[in-house]
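Have a look at the structure below before the remarks.
Quick note: numbers below take in every heavy atom, side chains included, and nothing from hydrogens, waters or symmetry partners.
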Amino acid sequence: MAKKEELDEETLALINWCIEVEGFLVAGGATVEQAQEHIEEQIEWFTDQFYDGLTPEEAAKEALA
């Protein structure tokens, strides 16, 4: 059985931030599947937005623009 890896706090914060972004993308008209796919395809861009200090709402607005 493989040993389960523990995620560090920073990675968990990024994951939770992306979950919040997903909610705003859905509120902006995307389906859950579309939002998840977009985040996965653009994860480097979203990671940059996270480290630049954008809120999930601000990042979603930028993504929808």
Tell me whether [Y] is reachable from [X] by hopping between hydrophobic residues (I, L, V, M, F, W, Y) whose side-chain heavy atoms are closer than 4.5 Å.
X: Ile39; Y: Val26; result: no
X: Trp45; Y: Tyr51; result: yes
X: Leu64; Y: Val21; result: yes

Return the [atom1] to [atom2] distance between [X] and [Y], rounded to the nearest 0.5 Å.
X: Glu44; Y: Gln49; atom1: CD; atom2: CD; answer: 12.0 Å
X: Glu57; Y: Lys61; atom1: CD; atom2: NZ; answer: 4.5 Å
X: Leu25; Y: Phe46; atom1: CG; atom2: CZ; answer: 5.5 Å
X: Glu9; Y: Leu14; atom1: CD; atom2: CG; answer: 14.0 Å

I'd like to know if the side chain of [X] and the backbone of [Y] have a donor-acceptor N/O pair within less than 3.5 Å.
X: Glu41; Y: His38; result: no
X: Thr11; Y: Leu7; result: no
X: Asp52; Y: Leu54; result: no

Of all the heavy-atom pairs spanning [X] and [Y], show the shortest one and how long it is.
X: Phe24; Y: Ala60; value: CB-CB, 3.4 Å
X: Ala35; Y: Ala30; value: N-CB, 4.3 Å
X: Ile43; Y: Cys18; value: CD1-SG, 4.1 Å

